[in-house]
Amino acid sequence: TGSAATMDALSKTAKPVVLMNITDTCLTMKPRNTVSLWIDNHDIGRLGARHFLAQNIYRSFGFVGLENANGDMFYSHERESAFRLSLKADGAASSCFPGKDGDYSDTALKNWISNLQKPAAVMAVNDITAVRVLNCCKTLGLSVPNQVSILGVDDVRPLTEGEGRSISSVRPDFEKMGYVAAKELVRMLMRHRPSRFREIVLPVEELVVRKSTVPSRDCNKIVDRSI
């Protein structure tokens, strides 16, 4: 999002506006010449749960999310909710660590990871958070993926594959999102009269599997192999 002044100016313009994962109410309430595009965060959470459940080896499941002072981390809440509801539907319990945005002290996170029954499956709200979980596991001497499997979101290659890492990640189709945004902008520009507000939710269907969620067959044993 931009500055408050920018958001206010965009909300008042008659020109077409395309929003991409924007929650500012002054823009989402703009009734004309506005298209709001969203990545389906519920799809993301469900994909993560299905990936872990399909392996049928984990004794506990967890989600590491994000919170801030404004309480507007909607995407974290939606991903967590879908992840935990999908697990619950399969009879599996789960816990959540509500990470604080901007707080990079990992003491509480390490304690939470330590208390998970092993082998554990942990989904992080995004790839940056997945790297934090991975680093905590290394500090604790926990084998990834044999004791803790880790899944991120966004598939940002420098994070998932950089510095010797190999982190599985849900991959939203941001390229398609850009294409749809351009198409909708052209559509509004070509119209001779203002168009009504539209909301488009794009499905998420791809999960890139890497070493962080591929445990050895007997993952209950401590195996001296980590990422």
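Here Ser60 pairs with nothing under the side-chain hydrogen bond (donor to acceptor under 3.5 Å, both in side chains) rule; sequence neighbours left out. His42 pairs by the side-chain hydrogen bond (donor to acceptor under 3.5 Å, both in side chains) definition with nothing, not counting sequence neighbours. Taking the salt bridge (charged side-chain N to carboxylate O under 4.0 Å, His left out) definition, one finds that Arg187 meets it with Glu184, sequence neighbours left out. For Glu163, the salt bridge (charged side-chain N to carboxylate O under 4.0 Å, His left out) criterion is met by Arg165, not counting sequence neighbours. With sequence neighbours excluded, the residues that form a salt bridge (charged side-chain N to carboxylate O under 4.0 Å, His left out) with Arg171 are Asp155, Glu206. The side chain to side chain contact (heavy atoms under 4.5 Å, CB included) test applied to Asn111 returns Thr107, not counting sequence neighbours. With sequence neighbours excluded, the residues forming a side chain to side chain contact (heavy atoms under 4.5 Å, CB included) with Ser114 are Leu140, listed by chain and number. Under the rule for a side chain to side chain contact (heavy atoms under 4.5 Å, CB included), the partners of Glu205 that lie at least two apart in sequence or sit in another chain are Pro203. Evaluation of the side-chain hydrogen bond (donor to acceptor under 3.5 Å, both in side chains) rule for Arg46 yields Asp43 as partners, not counting sequence neighbours. Annotation: side-chain hydrogen bond (donor to acceptor under 3.5 Å, both in side chains) contacts of Asp127 (sequence neighbours excluded): Ser169. Applying the side chain to side chain contact (heavy atoms under 4.5 Å, CB included) criterion to Ala181, with sequence neighbours excluded, gives Val18, Met20, Leu37.
The minimum heavy-atom distance between Ala93 and Phe61, with the atom names listed, is O-CD1, 3.7 Å. The shortest non-hydrogen separation linking Ala49 to Ser86 is CB-CB, 3.5 Å. Residues Arg79 and Val153 come closest through the heavy atom pair NH1-CG1, 3.6 Å. Contact detail for Ile57 and Pro119: the closest heavy-atom pair is O-CG, 3.4 Å. The nearest pair of heavy atoms linking Ser166 to Lys211 is OG-N, 3.0 Å.
Between Trp38 and Phe74, the ring-plane angle classifies as perpendicular under the 30° and 60° cut-offs. Note: Phe52 and Tyr58 have perpendicular aromatic rings, judged against thresholds of 30 and 60 degrees for the angle between ring planes.
Hydrophobic clustering (side-chain heavy atoms under 4.5 Å, transitive across Ile, Leu, Val, Met, Phe, Trp, Tyr) groups Phe174 together with Leu47. Under a hydrophobic-cluster definition in which Ile, Leu, Val, Met, Phe, Trp and Tyr are linked whenever side-chain heavy atoms come within less than 4.5 Å, directly or via other members, Leu53 and Leu151 are assigned to the same cluster. Val204 and Val208 fall into different hydrophobic clusters, defined by Ile, Leu, Val, Met, Phe, Trp and Tyr side-chain heavy atoms under 4.5 Å apart, directly or through other members. Residues Met123 and Val214 share a hydrophobic cluster, clusters being chains of Ile/Leu/Val/Met/Phe/Trp/Tyr side chains in contact below 4.5 Å. When hydrophobic clusters are built by joining Ile, Leu, Val, Met, Phe, Trp and Tyr residues whose side-chain heavy atoms come closer than 4.5 Å, directly or via intermediates, Met188 is grouped together with Ile200.
Put simply, the side chain of Ser149 gets close to the backbone of Pro145: a donor and an acceptor are under 3.5 Å apart. A donor-acceptor pair under 3.5 Å is formed between the side chain of Ser212 and the backbone N or O of Ser168. Using modelled atom types, one side-chain atom of Arg59 and one backbone atom of Lys118 make a donor-acceptor pair closer than 3.5 Å. In this structure, the side chain of Ser76 does not engage the main chain of Gly65 through any donor-acceptor pair within 3.5 Å.
Proximity of Ile113 to Val122: side-chain heavy atoms (C-beta onward) are nowhere separated by under 4.5 Å. Between Val209 and His51 the shortest side-chain heavy-atom distance falls below 4.5 Å. For the pair Tyr75/Ile44, no side-chain contact is recorded, criterion being any heavy-atom separation below 4.5 Å from C-beta on.
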Inset, instruction - Apply side-chain contact (heavy atoms from CB on, under 4.5 Å) to the pair Phe83 and Cys96, showing each step before the final yes or no. - result: CA-CA 10 Å; Phe83 178 75; Cys96 176; over 6 Å; no
